[in-house]
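All remarks here apply to the structure that follows.
All values below were derived from every heavy atom in this structure, side-chain atoms included, with hydrogens, water molecules and symmetry-related copies excluded. Numbers for residues simply follow the sequence, beginning at 1.
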Amino acid sequence: MFNPWRYEHPNGDIYFFNQELRLVTDADVYDDDVRADLTLTGVTSETADVGIVSRAAGTAFEDEGNGLKLLTDQERFWSHMAEHPSHHPHLPPCAEAVFTKALFDAKEGTAKGIRYPLTGLQIDQTIHIYRQLKVAESQGANMAPNLGWLMGAVMPLDPLPPMSSMPGRGEIGELEAIMAKLQF
């Protein structure tokens with residue numbers, strides 16, 4: 001028997017999780033046709049985005065047709081946290097420690113001129129939101145979905161390559177010099 005559970009994302013989106021099948025989907029499983037596709041035809045790499053996210057290990061695996069491949073970057077893991085944060089009452093082990101370290105490393109790095117996907121102001125805003133959620137959590141509110149969404153949306157927060165190492169940087173530098181002379 002297919003027993004889906006309906007979850008609401010902190011942004012208002014709806015998704016479904018089935019504990020027995022370990023299935024997470026945005027498809028409306030209360031629709032008979034969708035449910036039949038998921039349970040009768042089976043879920044394969046041809047019919048769905050098949051992957052496994054290990055919350056305990058903080059890793060993700062992807063089906064390449066001939067088996068599962070460990071994804072070496074963390075983007076898929078964090079993306080899964082952002083997209084489906086509401087069906088677990090707790091954050092994955094170590095996720096919060098990894099997030100806070102990356103956030104404060106990025107804050108220090110931007111102050112030293114290192115480039116990150118977020119600006120210094122955006123990092124400060126993220127720290128502020130994180131602290132507000134932690135205050136609410138300390139007062140008894142379950143903030144795991146909100147924290148998971150925040151962490152997943154921000155991570156991985158790795159430094160970007162220096163602008164000088166980017167292809168075509170010479171033309172961009174020349175354009176910036178011309179714009180500076182024109183005071184743009």
Is there a path of hydrophobic side-chain contacts, each under 4.5 Å between heavy atoms of I, L, V, M, F, W or Y residues, that connects [X] with [Y]?
X	Y	answer
Leu147	Met155	yes
Phe99	Val135	no
Phe104	Leu160	no

Atom pair [atom1] ([X]) and [atom2] ([Y]), whose distance is rounded to the nearest 0.5 Å:
X	Y	atom1	atom2	value
Ser86	Ile14	OG	CD1	9.0 Å
Trp149	Asn146	CH2	CG	8.0 Å
Met143	Leu150	CE	CG	11.0 Å
Arg6	Asp28	CZ	CG	8.5 Å
Gln132	His128	CD	NE2	3.5 Å
Leu103	Ile127	CG	CD1	4.5 Å

Proximity of Trp5 and His87 rings by center, below 6.0 Å: no
side-chain hydrogen bond (donor to acceptor under 3.5 Å, both in side chains) pairs, two or more places apart, involving residues 97-110: Lys101-Asp105, Lys107-Asp124
Residues Ser79 and Glu83: side-chain donor-acceptor under 3.5 angstrom: yes
With Lys134 via salt bridge (charged side-chain N to carboxylate O under 4.0 Å, His left out) - residues at least two apart: Glu96, Glu137
Note, Arg115 side chain near Pro162 side chain (heavy atom, < 4.5 Å): no
